[in-house]
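So you know, we letter chains A, B, ... as the sequences are listed, proteins then strands, and number each from 1.
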2 protein chains.
Amino acid sequence: MPTPERTSLEEIVRAARDLLESSGHEGLTMQAVAHRVGVRAPSLYKRVRNRGDLVALVADATLRELGARVEAAATHADDDPRLALARLVRAGRDFARERPAGFRLILAPGTDLRLDPASLEAASAPVLRVAARLAGEERVLDAARTFTAWATGFVSMELAGAFRLGGEVERAFEFGLDRLCHALAIPAS
Amino acid sequence: MPTPERTSLEEIVRAARDLLESSGHEGLTMQAVAHRVGVRAPSLYKRVRNRGDLVALVADATLRELGARVEAAATHADDDPRLALARLVRAGRDFARERPAGFRLILAPGTDLRLDPASLEAASAPVLRVAARLAGEERVLDAARTFTAWATGFVSMELAGAFRLGGEVERAFEFGLDRLCHALAIPAS
DNA sequence: ACCTGAACACCGTTCAAGT
DNA sequence: ACCTGAACACCGTTCAAGT
C-alpha cells in the first residue's frame, strides 16, 4: 500500500544547509534534519545514502549557488575588466558572509568530500572569462588561479577573524585588488 | 594515596595531532586518543576540559609549529626580499603537505575555535618583516595581508584538489609569486 | 512505496569507587 | 592525586513491521 511522500530530497538539503549555518557542522545531525522536515531520522535514508552523502549534497548546492552569484555579477558587461573582477570577488565575499559555514565547507572540504567537477567548472567560468580579458588568452589560467587564490584566501582569513582591526580590512581589500589587477593586466612587464 | 601519572598533556596533544592526520577530524575521538596514550577516555578529562579544548590545543600546537618553520625559513638573511618571500611561502606549503588536516584546522577554524593571538602573531612576524623590506614600512600591513591571502588561498586550493592538471600547478605557483613580488615591491607605480 | 520504533554500535562526559 | 568501570544522553545506521 503506497504511502504519500512526506518530504523531498530538495527539502532535506535545504534544511541541512540552514542547520549547518545555524548550528555548525556538528549540529548538522540526521535527527535534527529529520525533525526540520517533519519526519524521523531513518526515513532520510530513503533519499540519502548516509550523512556524508548529505554533506556532499549540501556542499554542491552551496557551490552551485556561489557559481550563480558570481555569474550574475559577471554579466553586467563592463568595458573595464578590473571593475568586473572587483564585482566578482565582492559577490563571492558577500556570499561567504551570508553562508560562512557553507563557504568553509567548499573552501576546505574534509578528507573524503569531493566536489563535483561540473559545479567547480561552472563557478570558475566567469572568473576565467574576465581573466582572459585582463591578462590575455595565453595567461588566462595562471592569472585566474592567482586571482582566485588571493580572493579565497582573503575571504577565509576574514571569516577566521585573522584581521583584528576592523576598519583596516576594507583598505587591505582595495589594496590587494588594485595591486593584483596591475600585476595581472596585459602590459605587465 | 597518590597514583603515578601514566601520561601527560604533551603526549595527549601529540597523539591527537597524529590521529587528526591519520583519521581525520571525525577520527579524532577521545577514546582513540586515550587508547594511544595507554589510558581510558575518562582519564583525559584530568588534563583537558573537553574535546573542543583538545582540538584547540591541537590547532595551537600546529600553528606554533608552522610559525617556527616560517621563522626558520626567514632567517637565511637574504639580500633579496623576493627570494626570502619565496622561501617563506614554500615553507608554509611544505608544512601544509605534511599536515594537511592540521593546516585546514588553522586555516578554516570552526564556529567556536579561536586561535591564540600570540601564536598568530608569532607566525605572521616573519612575513611582516619581509613585507616591510619589499613594500616599505608604510605599506607593510597591506602588502603582508595581500601576500598571505594569496599564499593561504593557493595552498588551500591545492589541498582541496582544485587544480586538476598536476604539472601546471608549479607554473601557476611561480607565476603568482613573481607577479605578486612585482606588484608589491616599492617602486610599483 | 514510504514511514516508523526498536535495536546496535559508538561517542562525549560525569561520577562514585578504587589505589 | 590519578585512574577506572558504570552509567547517561546522544548520534548514525539497519531492519523488520506497519500502512
key: Within 6.0 angstrom of A:E10 CD, more than 12 heavy atoms from elsewhere   = no
inquiry  = So, taking the atom named CG in B:L20 and the one named OG1 in B:T62, what distance separates them when rounded to the nearest 0.5 Å?
reply    = 7.0 Å
Produce the list of close N/O pairs, under 3.5 Å, pairing protein atoms with atoms of nucleotides 10-14 of chain D; give distances to one decimal.
from, atom 1, to, atom 2, distance (Å)
D:dG12, OP1, A:M30, N, 3.2
D:dG12, OP1, A:R51, NE, 3.4
D:dG12, OP2, A:M30, N, 2.9
D:dT13, OP2, A:Y45, OH, 2.8
D:dT13, OP2, A:R51, N, 2.9
D:dT13, O5', A:Y45, OH, 3.3

task = May I ask you to evaluate whether B:T3 reaches the phosphate of C:dT19, defined as a side-chain N or O under 4.0 Å from OP1 or OP2?
result = no
request  = Whole angstrom is fine here: how far is it from NE2 in A:H35 over to C1' in C:dT4?
outcome  = 15 Å
note = Value for CZ (A:R99) from CG (A:L66), rounded to nearest 0.5 Å, stands at 11.5 Å
query = So what is the 5' to 3' dot-bracket string for DNA chain C, if pairs are Watson-Crick or G-U wobble with both distances under 3.5 Å, crossing pairs use [ ] and | means the partner sits on another strand?
reply = ||.|||||...|||||.||
Value in whole Å for how far the C1' atom of C:dG18 lies from CZ of B:R6 = 12 Å
ask   = Can you tell me how far C1' of C:dA1 sits from CD of A:E5, to the nearest Å?
value = 8 Å
message = Can you confirm whether B:E98 is buried at CD, in the sense that more than 12 heavy atoms of other residues, nucleotides or ligands lie under 6.0 Å from that atom?
response = yes
request  = Start with the C-alpha distance between B:L57 and B:L9, add both sets of side-chain angles, then the distance that settles side-chain contact (heavy atoms from CB on, under 4.5 Å), and finish with yes or no.
outcome  = CA-CA 10 Å; B:L57 289 170; B:L9 181 59; 4.0 Å; yes
task = Could you check B:D18, B:I12, B:T7 and say which one makes a side-chain contact (heavy atoms from CB on, under 4.5 Å) with B:R36?
result = B:D18
message = Can you confirm whether B:C181 sits close enough to B:L85 that some side-chain heavy atom of one is under 4.5 Å from a side-chain heavy atom of the other?
response = yes
message = I need the CG-P distance between A:L44 and C:dG5, as an integer number of Å.
response = 13 Å
key: A:F173: ring-ring contact (aromatic ring centres under 6.0 Å, His included) partners, not counting sequence neighbours   = A:W150, A:F154
